[in-house]
Every structure is written in C-alpha cells, then in structure tokens.
Undergrad: 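Pasting a structure below so you can have a look.
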Amino acid sequence: QKEVEQNSGPLSVPEGAIASLNCTYSDRGSQSFFWYRQYSGKSPELIMFIYSNGDKEDGRFTAQLNKASQYVSLLIRDSQPSDSATYLCAVNVLGTYKYIFGTGTRLKVLA
Amino acid sequence: DTAVSQTPKYLVTQMGNDKSIKCEQNLGHDTMYWYKQDSKKFLKIMFSYNNKELIINETVPNRFSPKSPDKAHLNLHINSLELGDSAVYFCASSQGASSNQPQHFGDGTRLSIL
C-alpha cells in the first residue's frame with residue numbers, strides 16, 4: 001500500500017462547480033497535511049495546510065481532515081480554468097522531517 | 001525577491017559526466033531538502049539538512065552527494081550521470097524543528113541525460 005494515495009485523474013469539472021480532491025494516507029502518526037498546486041513545468045506552491053480534524057477554509061479553498069478515517073480532502077469552490085493544475089497532497093509524520101507526497105491529481109476546469 | 005533559487009534551470013549533459021546543482025534560500029529557514037520528480041510527476045525526497053546537519057538520507061545511489069556549507073545553501077553533486085537520472089530536481093526549505101511547517105520550493109532544475 002502506498003503511503004499517500006491520490007487518484008491521478010484527470011478530474012474534469014465545469015467552470016463554477018466545486019472540485020473535490022481526495023487523499024488517503026497509511027501512517028496513523030501523520031500529523032501535518034499539506035495541499036500543493038503544481039502547474040505544468042512549474043514548482044509546487046502551497047495552497048493550504050491543516051493539522052486538526054475538521055474543516056479549514058481559505059477563500060475558495062477548504063481543506064477537510066479526518067484522522068480516524070485517514071483522509072484529507074481539498075474542495076475548490078467556484079472552480080476557474082486557472083485552477084487547472086496537478087494538486088499534490090503531502091503528509092508529515094510526527095517526529096520526522098520527512099514529507100511524503102502523493103502522486104497528485106490532475107484537475108481540469110472546463111470553460 | 002526569489003525565496004528559494006536553484007541554478008541552473010536546465011542541465012543537458014552526457015552519460016558519465018559529473019554535474020552540480022546549487023540551491024539558496026533567503027527565507028531564514030533552517031531546513032532544506034532535495035526532491036526528485038520523475039516523468040510521472042512523483043515527488044520523492046532524497047536528502048534533507050537541518051542547520052547543516054544531514055537528517056534525511058533516502059535510498060539514493062551514492063553517486064549523489066549533497067553539501068550544505070551553511071543553512072541557507074544546499075548543493076547537490078551527481079557523479080557518473082546515468083540515463084535514469086533524467087528528472088526535475090527541486091530544492092525546498094522549511095522553518096524549524098517542528099514538522100508542521102510547510103515547505104517552499106525552488107523553480108526546479110530539469111536534468112536531461114543524453
């Protein structure tokens with residue numbers, strides 16, 4: 001089982017819709033969770049991070065964490081074509097400097 | 001004001017050569033990383049330094065040797081380059097010993113082996 005799993009996609013949503021990206025992780029010691037956006041040919045850029053169970057909102061983005069079920073998700077409201085990118089989930093395990101990335105989900109927002 | 005800068009941006013070289021990639025961050029962070037991103041976009045940790053001390057050394061061929069002269073710099077030297085080394089190499093940094101700090105990435109170095 002991969003340590004951090006994401007559906008590779010592509011996930012296609014119409015402009016204005018809600019895009020829902022999911023990530024599951026295997027290590028119960030994971031304590032910090034990050035979502036990065038990576039445009040083709042560019043570097044990953046941080047979108048959000050979440051440490052506690054529940055929801056965390058920042059503008060059009062909401063991160064949701066459920067440690068009991070070992071999943072973290074990212075919702076993008078009012079999706080725009082400029083949101084089209086690969087979204088990487090990253091997990092950090094308590095007591096380590098190691099960040100483990102998923103393989104990313106490619107999101108396509110159709111105009 | 002580039003926060004994490006890598007040079008060169010592109011590196012095209014022949015098999016068997018030795019090359020270096022440099023990374024510098026001006027964020028005041030004390031932890032730096034090297035990642036390799038392959039053609040399938042999987043981002044895999046290679047090395048990490050905290051205050052010039054090696055703290056992560058993943059299963060990487062010993063042809064790869066990181067060097068951190070100070071906490072703002074982390075360079076990567078690769079000996080005897082092989083075709084499988086072709087990838088994008090990202091440098092990143094984060095702050096503090098706590099594991100809950102996000103990482104900031106450089107623009108990447110695209111290495112192509114002929």
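Proteins come first, then strands; the chains are lettered A, B, ... in the order of their sequence lines, and each starts at number 1.
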Undergrad: When you look at A:Phe34 and B:Gln101, which way does the side chain to side chain contact (heavy atoms under 4.5 Å, CB included) test go after all the steps?
TA: CA-CA 9 Å; A:Phe34 306 86; B:Gln101 296 303 308; over 6 Å; no
Undergrad: Assigning hydrophobic clusters by single linkage (Ile, Leu, Val, Met, Phe, Trp, Tyr; side-chain heavy-atom cutoff under 4.5 Å), is B:Leu54 placed with B:Leu74?
TA: yes
Undergrad: Once rounded to the nearest 0.5 Å, what's the spacing between atom OG of B:Ser94 and atom CG of A:Asn92?
TA: 8.5 Å
Undergrad: Could you check whether any side-chain heavy atom of A:Arg106 comes within less than 4.5 Å of a side-chain heavy atom of B:Lys41, counting everything from C-beta outward?
TA: no
Undergrad: Just wondering, are more than 12 heavy atoms of other shown residues or ligands nearer than 6.0 Å to NZ in A:Lys56?
TA: yes
Undergrad: Establish whether B:Ile78 and B:Phe90 are linked, either directly or via other cluster members, by ILVMFWY side-chain heavy-atom contacts under 4.5 Å.
TA: no
Undergrad: Using non-hydrogen atoms only, which part of A:Tyr36 is less than 4.5 Å away from chain B: side chain, backbone, both, or neither?
TA: side chain
Undergrad: Please tell me whether B:Leu83 and B:Phe64 are part of a single hydrophobic cluster in this structure, the criterion being side-chain heavy atoms less than 4.5 Å apart.
TA: yes
Undergrad: Tell me, side chain or backbone of B:Phe105 under 4.5 Å from chain A's heavy atoms, or both, or neither?
TA: both
Undergrad: Heavy-atom distance under 4.5 Å between the side chains of A:Tyr99 and B:Ser48, does that happen here?
TA: no
Undergrad: Count I, L, V, M, F, W, Y as connected when their side-chain heavy atoms are under 4.5 Å apart, and connections chain through other members. Are A:Val109 and A:Leu74 then in the same cluster?
TA: yes
Undergrad: Roughly how far apart are B:Lys44 NZ and A:Thr103 OG1, rounded to 0.5 Å?
TA: 13.5 Å
Undergrad: With a 4.5 angstrom heavy-atom cut-off, which part of B:Gln103 approaches chain A: side chain, backbone, both or neither?
TA: both
Undergrad: With a sphere of 6.0 Å drawn around NZ of A:Lys67, does it hold more than 12 non-hydrogen atoms of other residues, nucleotides or ligands?
TA: yes
Undergrad: Linking I/L/V/M/F/W/Y whenever their side-chain heavy atoms sit closer than 4.5 Å, directly or via other members, would A:Leu88 and B:Tyr35 fall into one cluster?
TA: yes
Undergrad: At a heavy-atom separation under 4.5 Å, does A:Glu45 approach chain B through its side chain, its backbone, both, or neither?
TA: neither
Undergrad: Please name the pair of heavy atoms, one in A:Ser43 and one in B:Gly106, separated by the smallest distance, quoted to 0.1 Å.
TA: CB-O, 2.8 Å
Undergrad: Could you report the tightest heavy-atom contact between B:Ile45 and A:Lys98, atom names first, then the distance?
TA: CG2-CE, 4.1 Å
Undergrad: Of the non-hydrogen atoms in A:Phe101 and B:Phe42, which two are nearest, and what is the gap between them?
TA: O-CE1, 3.3 Å
Undergrad: Where on A:Lys42 is there a heavy atom nearer than 4.5 Å to chain B: the side chain, the backbone, both, or neither?
TA: backbone
